[in-house]
There are 2 protein chains.
Amino acid sequence: MVETVQGARDGDAGRTGTTQGRTGDGRAGAQVGRMSQRRSGRPTLADVAALAGVGAITVSRALRRPDQVSPATRERIAQAVAELNYIPDPQARILASGRSDVIGVILPSLTNNVYADVLQGIYDGVAGTGFQIQIGNTRYDPEEEARLAPLFASQRPAAMLLTGIDQTPATRALLESAGFPIVQIMEKGDDPIDMIIGFSHFDAAQAAIRHLLGRGYRRIGVLGARMDPRLMRRQEGWRAALSEAGLPLREAISPEPSSATMGRALASRLMDAEPGLDALFCANDDLALGALFECQARGIAVPRDFGIVGFNDLEMMAAAVPSITSVQTRRYRMGRLGIEMLVERIAGRRPAEPNVDLGFELIERESTRRG
Amino acid sequence: MVETVQGARDGDAGRTGTTQGRTGDGRAGAQVGRMSQRRSGRPTLADVAALAGVGAITVSRALRRPDQVSPATRERIAQAVAELNYIPDPQARILASGRSDVIGVILPSLTNNVYADVLQGIYDGVAGTGFQIQIGNTRYDPEEEARLAPLFASQRPAAMLLTGIDQTPATRALLESAGFPIVQIMEKGDDPIDMIIGFSHFDAAQAAIRHLLGRGYRRIGVLGARMDPRLMRRQEGWRAALSEAGLPLREAISPEPSSATMGRALASRLMDAEPGLDALFCANDDLALGALFECQARGIAVPRDFGIVGFNDLEMMAAAVPSITSVQTRRYRMGRLGIEMLVERIAGRRPAEPNVDLGFELIERESTRRG
DNA sequence: TTGAAAGCGCTAACAT
DNA sequence: ATGTTAGCGCTTTCAA
């Protein structure tokens, strides 16, 4: 998605003569009297300038750096702007200045609750800053990311926000010399392209397993779906924790998207394959919800006979009966802080800390609170 | 969010000299020999043209309408493009042509599952078309929509997609004369600004109540949260259906966002206030999930002693125990079809039907299957 | 503090 | 089928 390819569409339905005539009104326009057919019909800087009796550049300055224009002129310009209902043309501005107000954002998914929250943080972070967000959706496809990142980068964005740390070497090289601020989110990393905000998926998964161990569960299984790089690192974490405890690895993994239905299916499969299973760490909350439903369907008592831990701490974990223990991750914060750091950098300020570990927190609830 | 205001940021961190030197290489550039400091450093149309030994406009045409250029020239141009790694500048294109490849999209939420699905449909619809998506998030605030819509419209989008039919008169007037295709989604309507894709929330809510009645439930309550215009119309629907059946109105409504936790709270409140309640229609699925959890917490048997119907048919409704009856709405389809219709119109073709009612379907599951 | 000129990279409108 | 010219609306540069 979001290509800037040429070709395709050509016609221009509905684009014909609408506000055509208005061009003439102020007759303020350029020195030249004749009317080009190419003009958009909207008032331009020159129109405002003529009406205010100043040069175009003064209007431009009044708009961008009001302090460089005398209060009197500023006021006259403000009136002209209001009168003409002038709105600056962002395209012209970008072309002339070589600088855009677009922050490119590349996410692996839009429907996944995790990224919906990130997205909310991003939009809240950008609110009122004057920047625009341009979203690319890779659908968890590394090739799509490799295609999208250079494409976005080539459009002179003011900054870019990327998900994760697994960009291809080529993409990475391109971005490192791109000349605009970049932040990677969702993962901890020693070697960011520029800035990074995240947490250790390895540690978080390890903490989940240790929590189950601490509650006395021993025959622990793990459910996972859609093994993206973050999931892979969680996998390393739960494997390490299980191995450290001398416990065998009991996993049910699917490449398909995570969902409650998938959670039920995977839980069912693992329960059948591993009789005596007494707990599940679910690498996503929707899997955990599905696992709980599967327990209910089988009449298994949670938490007495079976423990469940989820991951991400989605809102419904607290509402479930029993409520479900989960690893809280700061998704909204990553999106929001990511944008805030980028905006800081665009403004020429250095963030105090370009490498932020937001950590995680294991929220214990009823699903692992036994006896 | 997504303003195009002036002011704010000024500095240009990190933007300093990166690929500076490269400007000289092809020396192909314009007729003028001197090198402006303003140049971006990226190869331009003129560079490609010089390398291919043709005029700039020919390159432009080769890129946009290859059939208007002879195969031989086209081939030479393709080579030059590849050699220079040329990427067209979208801003310059937009400025010169007065036409952009941006489709503006205004949604009330990004985190709500409903709109996450719509968004996915939108991105899938736009994939491969060459159009870009610009999202505005109103957070269910009509004023924000009234602010955002004109702002987007002023940026010469190729088209716009709006949510619902409750734009202010001013916004509506502006958009009606905007000159680009517009589609409204999520609701049925007789008087679209341009095109519309939706379904009747009134009918859908009515169908939900009638389903409960058909299953023999009589002391029916309704839960609602965040009463946006769609919810209001559902409310009219459930009220009509209850009144038609001669049943009293038992509602628990909250202006706060819908969530499973909210569902539990509202269900709890209504159950306490209305002893003997035997069913709930929940105007959102997360409320329905919360209601189910509340029943579980209270030891109420669903569906035997209590019926539950949700709205939207989110994935987890099918996984719940018992699975939850819900009104299926075609969210993804509305997003996708909306974009497809816009793209058709941009290409100058008229869609067969500019007013599409996608309907809904009541999916009966265990939560209302008693007896 | 203000302005004139030039140009950002591309395409529309006429040529040829 | 290809080229020439003149912008699109804004900002940079340099000057006053």
A:Ile57 side chain, from C-beta outward: closest of C:dC10, D:dA1, D:dT12: D:dT12
B:Arg93 CZ - D:dG9 P separation (whole Å): 18 Å
Pairing residues for A:Arg336 by the side-chain hydrogen bond (donor to acceptor under 3.5 Å, both in side chains) criterion, not counting sequence neighbours: A:Tyr332, A:Glu340
Atom-to-atom span, CG of B:Asp47 to C1' of C:dC10 - whole angstrom: 13 Å
Closest to the B:Leu95 side chain, choosing from C:dG9, C:dC10, D:dC10: C:dG9
For B:Glu176, salt bridge (Lys or Arg N to Asp or Glu O under 4.0 Å) partners two or more places apart: B:Arg172
Salt bridge (Lys or Arg N to Asp or Glu O under 4.0 Å) partners for B:Arg76, two or more places apart: none
Set of side-chain hydrogen bond (donor to acceptor under 3.5 Å, both in side chains) partners for A:Gln91, sequence neighbours left out: none
Selection from D:dC10, C:dT2, D:dG3 that lies nearest to any side-chain heavy atom of A:Thr73: C:dT2
Of the listed nucleotides D:dT11, D:dC8, D:dT2, the one nearest the side chain of B:Ala96: D:dC8
Residue closer to the 5' end of DNA chain C, B:Arg61 versus B:Tyr86 (nearest nucleotide): B:Tyr86
Hey, can you pull the donor-acceptor pairs under 3.5 Å for the side chains in residues 55-63 of chain A, sequence neighbours left out?
unit_1, atom_1, unit_2, atom_2, d
A:Ser60, OG, A:Arg64, NE, 3.2
A:Ser60, OG, A:Arg64, NH2, 2.9

Overall bend - the helix from C:dT1-D:dA16 to C:dT16-D:dA1, comparing terminal axes fitted on five pairs, nearest 10 degrees: 20°
NZ/NE/NH1/NH2 to OD/OE distance under 4.0 Å, A:Arg93 and A:Asp101: no
